[in-house]
Amino acid sequence: MPSKAKATKQASIYSVHPGVKMVQDWVASLPEKTGRSLEQWIQLVRKSGPATEKERREWLKAEHKLGTNSAWWVAERAEGKPSVDDDPEAYLKAAEGYVEEMFAGPKATLRPIYDRLLALGLKMGKDVKACPCKTIVPLYRRHVFAQIKPSTRTRIDFGFALGALKGAGRLIETGGYAKKDRITHRIAITSLDEIDDEVKRWLKGAYDLDA
């Protein structure tokens, strides 16, 4: 009999967001730090906590001394809300959806620009990771070194982590350096023709700075 070909799952071009590992570490550390596992916290909230998610967050902070993030995450899970924060496979599935939603409807015409910028970013090196969020796609090396953001229906802002460098040409300072944000500069891109040598030079500079 001829053997049946096995279906192969196509690997995502995206990588798991560093925040997922952070939440996984948080879940693992709960018993030691708080005396309860995540499941035990969820059971406690559902049995003894207030009725609403907001009240539960405040109750966890006031009565049980949980930090803001911990109280938020526990309260969300007690509500039964689906979470991709601690599941790498679920995050990667959601990441594809984030990008589809970002470039749906009026912003659909920006998708070719996004695809070109993403390809350029990933070609910087094997250590580059693209980790979509709901409204932006950051590019990581050791940290975020660039960011793709569809800011309007007709424009993508390609952001760079370039520190205190002065803006020049099309490179605009965002004010991020003074606010200690990673992204400090951006170039506005409205067409494929605008992805030129200047854009590639600043992208390479941001990548090299994050070595």
Side-chain angles (χ1 to χ4, degrees), residues 13-23 26 57 67-73 84-85 91 94-125 127-211:
I13 60 172
Y14 302 117
S15 299
V16 177
H17 195 283
V20 173
K21 177 66 163 57
M22 181 181 72
V23 177
W26 166 76
R57 289 199 297 265
T68 298
N69 286 343
S70 291
W72 193 285
W73 290 331
V84 301
D85 295 337
Y91 166 76
E96 300 281 353
Y98 294 157
V99 173
E100 292 302 320
E101 289 177 15
M102 246 185 280
F103 295 99
K107 292 184 179 179
T109 55
L110 294 174
R111 184 62 188 259
I113 299 174
Y114 165 78
D115 289 339
R116 179 78 62 83
L117 293 175
L118 178 64
L120 280 177
L122 293 175
K123 285 180 181 177
M124 285 292 105
D127 53 356
V128 175
K129 299 182 293 184
C131 307
C133 303
K134 290 185 177 181
T135 59
I136 59 173
V137 179
L139 301 176
Y140 288 82
R141 191 179 189 186
R142 291 177 60 245
H143 311 89
V144 175
F145 71 92
Q147 172 182 287
I148 306 170
K149 180 179 180 179
S151 298
T152 73
R153 295 180 178 186
T154 59
R155 186 186 86 235
I156 283 180
D157 283 329
F158 200 19
F160 308 101
L162 293 169
L165 185 77
K166 295 296 182 184
R170 292 161 59 204
L171 186 72
I172 300 170
E173 295 176 56
T174 65
Y177 182 72
K179 294 184 287 187
K180 298 184 179 179
D181 292 340
R182 281 295 301 167
I183 298 301
T184 56
H185 299 72
R186 67 177 175 86
I187 289 180
I189 299 176
T190 60
S191 71
L192 289 169
D193 291 340
E194 292 178 351
I195 305 174
D196 56 12
D197 288 343
E198 182 181 8
V199 170
K200 296 173 185 177
R201 184 172 69 251
W202 290 123
L203 176 62
K204 180 66 164 56
Y207 172 80
D208 289 343
L209 281 174
D210 200 36

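Positions are given from 1 along the sequence. Values in this document were obtained by computation on a predicted structure and should not be read as measured data.
Atom CG of Leu209 is separated from atom NZ of Lys204 by 10.0 Å, given to the nearest 0.5 angstrom. The distance from the CD1 atom of Ile187 to the CZ atom of Phe160 is 4.5 Å, given to the nearest 0.5 Å. Rounded to the nearest 0.5 Å, atoms CD (Gln147) and CD1 (Ile136) are 4.0 Å apart. Note that CG of Leu122 is 11.0 Å distant from CG of Leu117, once rounded to the nearest 0.5 Å. Here the straight-line distance linking atom NE2 of His185 with atom CG of Leu162 works out to 5.5 Å at 0.5 Å rounding. Glu194 CD to Arg170 CZ: the interatomic distance, rounded to the nearest 0.5 Å, is 5.5 Å.
The pair Arg201-Asp197 does not meet the salt-bridge criterion, since no charged nitrogen lies less than 4.0 angstrom from a carboxylate oxygen. The pair Arg141-Asp127 counts as a salt bridge, with a side-chain nitrogen and a carboxylate oxygen less than 4.0 angstrom apart. A salt bridge is absent between Glu101 and Lys107: the closest approach of a Lys/Arg side-chain nitrogen to an acidic carboxylate oxygen does not fall below 4.0 angstrom.
The environment of Trp26 atom CH2 is dense: over 12 non-hydrogen atoms of other residues, nucleotides or ligands sit within 6.0 angstrom.
Taking the six-membered ring where the residue is Trp, Tyr114 and Phe103 present tilted rings, their angle falling between 30° and 60°.
Side-chain contact check for Glu100 versus Arg111: some heavy-atom pair is nearer than 4.5 Å. Side-chain contact between Asp157 and Thr174: absent, with no pair of heavy atoms (C-beta onward) separated by less than 4.5 Å. When side chains are defined from C-beta on, Tyr91 counts as touching Pro132, because their heavy atoms get closer than 4.5 Å. At a threshold of 4.5 Å between non-hydrogen side-chain atoms, the residues Tyr14 and Leu118 count as touching. In this structure the side chain of Trp202 reaches within 4.5 angstrom of the side chain of Leu165, judged on heavy atoms. In this structure, the side chains of Met124 and Leu203 come closer than 4.5 Å at one or more pairs of heavy atoms.
Taking all atoms of both residues into account, the shortest heavy-atom contact from Pro150 to Leu110 is CB-CD1, 4.1 Å. For the pair Ala168 and Glu198, the tightest heavy-atom approach, listed with the atom from each and the gap, is O-OE2, 3.9 Å. Closest approach of Pro112 and Leu192 over heavy atoms only: O-CD2, 3.6 Å. Across Met102 and Val137, no two heavy atoms sit closer than the pair CE-CG2, 3.7 Å. Heavy-atom minimum distance, Gly121 versus Phe145: O-CZ, 4.4 Å. Contact between Pro18 and Cys131 at its shortest, heavy atoms only, is CD-SG, 4.1 Å.
Not one N or O on the side chain of Asp181 forms a donor-acceptor pair closer than 3.5 Å with the backbone of Thr184. Looking at Asp210, its side chain does come within 3.5 Å of a backbone N or O of Arg142 through a donor-acceptor pair. Using modelled atom types, no side-chain atom of His143 and backbone atom of Arg182 make a donor-acceptor pair closer than 3.5 Å.
Ring centroid separation for the pair Tyr140 and His17 comes in under the 6.0 Å cut-off.
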